[in-house]
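Note sheet for the following structure.
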Amino acid sequence: RLMLRRPGRLSLMLTTGLVAAVFEGGTLGLLGLSVNVLTDDTVMLMEELPDFLDNKLGLYLQNISRGGLFLLLIGFAVGAQILKGLLSYVSMIAQIGLSYELVSDGQNMATGHVMNMSYSEVTKYPSGQLGALIDQSGMISQIVTEVGKASRAILMTLSYVGVMLLMSPLLTIAALVIFGILWVALSGIVKVLKQLSVRAIESEIDTWRWSIEYLNAPRLLRLFGTTEVAKDVIHEFRRKRIAAEKHGAVINAAILPVFEIITVFGAGVFLICGYLFSGESAIKVVPGLFVFVLVFFRLKPQVKMLSDLRLEMAKLLPRLSKVGGFLRIDDKNFEKIGGIQFKRLTSSIQFNDVGFCYDGSDTNAVSALSFEIPRGDTIALVGESGSGKSTIVNLLLALYRPSLGEILVDGSNLGVIDSSTWRERIGVVDQEVYLLNTSIKENIIFGRQNISDLDIYRAANTALAHEFIENLENGYQTVVGDRGHKLSGGQQQRIALARALVSNPDILVLDEATSSLDSISERYIQKAIENMHESRTIIVI
Ligand code: ADP
């Protein structure tokens with residue numbers, strides 16, 4: 001489908017390939033003719049020409065010498081070959097353009113797919129696995145290369161077979177039998193290569209997955225002295241992938257010599273049989289036989305290409321089916337787009353008999369939960385770890401949908417409200433702060449539009465972060481390091497609070513947001529929250 005979205009390039013690739021094949025067949029036909037002109041009194045191929053051409057050509061040919069005709073035919077053959085070369089080149093260029101466009105189409109599609117997935121869906125995949133799948137989506141482009149090669153090889157093969165049939169139907173059948181035997185002989189190899197490819201792609205995805213997982217935990221790996229273990233795990237998956245690929249390559253390497261031996265053997269058989277059967281007139285037949293062998297040897301790379309293609313597809317298909325399975329949309333949950341645009345909380349948020357169970361869990365994380373949060377109130381959720389506080393926040397943020405009951409926002413079911421406009425009005429500070437390895441300013445903005453410097457200073461001030469940020473070497477431009485490691489836990493949490501406040505949300509959710517603060521900062525933040533609560537609905541865990 002992606003390929004059909006670019007019909008211009010696709011049809012250019014196919015038509016130039018087709019015309020090139022016709023010229024290729026024409027070249028060989030002309031060469032056959034020219035040899036016959038020199039060796040035979042009755043020009044063999046001339047009999048095959050349609051009547052109207054025969055008459056005109058016949059008239060013309062009567063007027064030129066045999067040598068002149070030979071030169072003329074050779075001239076045409078060279079011209080046709082030059083045109084064939086140019087057209088093949090155009091076909092290749094179209095194929096290259098198409099395949100690079102498909103790399104980006106495929107990877108953009110996969111990236112978009114990941115970004116559009118619902119939170120509950122995307123968290124099913126380890127992040128490294130997502131990285132690997134996005135990367136592998138570029139593989140789609142190889143289909144173009146294979147289709148391009150296949151179309152050219154099939155057309156050329158047809159045109160060679162046509163020329164061969166004109167020259168000798170019997171020898172053509174013999175040639176096709178030789179290639180047929182080769183084709184069947186390769187079937188077993190194709191099967192083995194397919195299995196090896198499945199093993200290679202699975203190990204490759206695992207290599208990515210564990211690399212990303214361990215690369216994200218540099219501190220823990222060193223604290224627990226497990227860098228060697230991490231290295232070994234990653235090496236082992238890579239070893240499996242390389243072993244499978246190497247094994248495949250070794251099998252592949254045997255194909256070329258087998259091909260060469262069988263075809264050279266076949267060509268020898270043609271020449272010898274042709275010579276023996278023609279008896280007296282052997283001298284006359286031999287030049288024609290040489291042209292036949294020439295055609296046979298031009299046909300060989302095309303058949304080789306088709307056979308390689310089969311092997312390539314055997315390797316490619318398992319990868320594509322992994323990517324295809326991932327890109328399917330009918331078995332995945334996506335973010336709901338559209339619905340009632342949320343502007344501002346006017347009366348209250350209500351949980352009515354809400355129950356929720358995470359996928360794959362057999363106990364409810366929350367059940368029969370009812371409460372109301374009037375606009376402008378500050379409420380606290382208190383409970384022991386695992387009692388379901390964060391789950392309530394996840395449900396409130398529409399990251400998950402309740403399994404039972406309903407959540408009402410100003411009387412409307414949260415399910416019919418557009419999630420992005422709803423979340424825009426909520427500022428969240430999570431237990432675990434995630435900072436990007438970029439400047440403090442970028443971390444506070446976090447990709448959102450229409451946020452002025454003044455908004456940033458105001459938010460940082462409220463979050464009691466402005467002062468310490470100004471005291472850093474580069475102020476708001478200071479880069480915080482991987483996951484913010486250059487800042488203290490309390491500083492990171494205050495940046496996260498500024499990030500939540502900068503869009504001036506109606507509702508503020510603080511999920512143990514003061515857990516990393518020292519008692520003095522915590523008191524400051526509590527003071528800040530008290531100052532804010534006039535205008536905001538605040539939920540504190
Ligand atoms: P709290 O925030 O009060 O510590 P949570 O809301 O995080 O509690 O968790 C409530 C229950 O749901 C716990 O038993 C926890 O194990 C389970 N839970 C939390 N997140 C998930 C998840 N993504 N998948 C499955 N179970 C989960």
Side-chain angles (χ1 to χ4, degrees), residues 113-131 133 209-210 212-214 216-217 220 326 331-336 349-373 377-409 414-415 419-420 422-423 426-435 483 489-490 492-493 496-497 499-500 505 507-517 522 525-526 529 536-541:
H113 192 66
V114 171
M115 294 301 169
N116 292 338
M117 278 180 184
S118 68
Y119 179 71
S120 58
E121 187 70 43
V122 78
T123 47
K124 287 180 192 162
Y125 296 87
S127 51
Q129 196 178 350
L130 291 176
L133 286 165
R209 180 196 158 167
W210 289 104
I212 301 283
E213 217 119 317
Y214 285 131
N216 269 323
L220 280 184
F326 171 66
D331 59 351
K332 293 179 187 69
N333 289 315
F334 292 89
E335 281 281 88
K336 194 175 74 66
I349 302 167
Q350 241 177 305
F351 274 57
N352 282 343
D353 220 10
V354 170
F356 180 75
C357 181
Y358 285 102
D359 264 359
S361 163
D362 41 3
T363 50
N364 280 348
V366 294
S367 52
L369 186 70
S370 298
F371 61 88
E372 182 172 9
I373 310 171
D377 268 21
T378 297
I379 68 134
L381 295 175
V382 183
E384 59 194 34
S385 172
S387 60
K389 305 178 297 294
S390 299
T391 304
I392 295 174
V393 169
N394 286 340
L395 290 168
L396 180 77
L397 289 167
L399 292 172
Y400 293 91
R401 305 271 168 210
S403 332
L404 287 170
E406 56 180 5
I407 300 170
L408 300 178
V409 176
L414 185 57
S419 307
S420 62
W422 165 240
R423 289 183 203 135
I426 310 179
V428 185
V429 183
D430 276 327
Q431 247 173 76
E432 213 182 307
V433 176
Y434 187 87
L435 294 181
R483 305 203 141 207
Q492 291 182 27
Q493 220 148 30
L497 185 59
R499 179 194 276 168
I507 304 157
L508 192 62
V509 177
L510 307 172
D511 188 351
E512 297 185 31
T514 53
S515 59
S516 309
L517 297 183
E522 185 170 4
I525 295 257
Q526 281 167 359
I529 294 171
R536 289 189 177 85
T537 309
I538 304 176
I539 299 161
V540 187
I541 295 182

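Just so we're clear, the structure is a prediction, and the values are computed from it rather than from any experiment. Note that the numbering runs from 1 along the sequence shown for the chain. Counting convention: from 1, in listed order, for ligands and their atoms alike.
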With a 6.0 Å cut-off (strictly less than), is the heavy-atom count around CG of Asp359, excluding the residue itself, greater than 12?
no
Measure the shortest side-chain to side-chain distance between Ile538 and Ile379 over non-hydrogen atoms and say whether it is less than 4.5 angstrom.
no
Can you say whether the rings of Tyr358 and Phe356 are parallel (under 30°), tilted (30 to 60°) or perpendicular (over 60°)?
perpendicular
Less than 4.0 angstrom from a charged side-chain N to a carboxylate O is my criterion; do Glu406 and Arg401 meet it?
no
What are the atom names and distances for all N or O pairs under 3.5 Å between ligand 1 and the protein?
from	atom 1	to	atom 2	distance (Å)
ligand 1	2 (O)	Ser390	N	2.8
ligand 1	2 (O)	Ser390	OG	2.8
ligand 1	3 (O)	Ser387	N	3.3
ligand 1	3 (O)	Gly388	N	3.0
ligand 1	3 (O)	Lys389	N	2.8
ligand 1	3 (O)	Lys389	NZ	2.9
ligand 1	4 (O)	Gly386	N	2.7
ligand 1	6 (O)	Ser390	N	3.4
ligand 1	6 (O)	Thr391	N	2.8
ligand 1	6 (O)	Thr391	OG1	2.5
ligand 1	8 (O)	Gly388	N	3.2

Show me, pair by pair, the donor-acceptor contacts under 3.5 angstrom made by side chains of residues 120-128, not counting sequence neighbours?
from	atom 1	to	atom 2	distance (Å)
Ser120	OG	Ser118	OG	3.2
Glu121	OE1	Lys124	NZ	3.4
Glu121	OE1	Asn333	N	2.9
Thr123	OG1	Tyr119	O	2.7
Thr123	OG1	Ser120	O	3.2

Any Thr537 side-chain heavy atom under 4.5 Å of Leu508 side chain
no
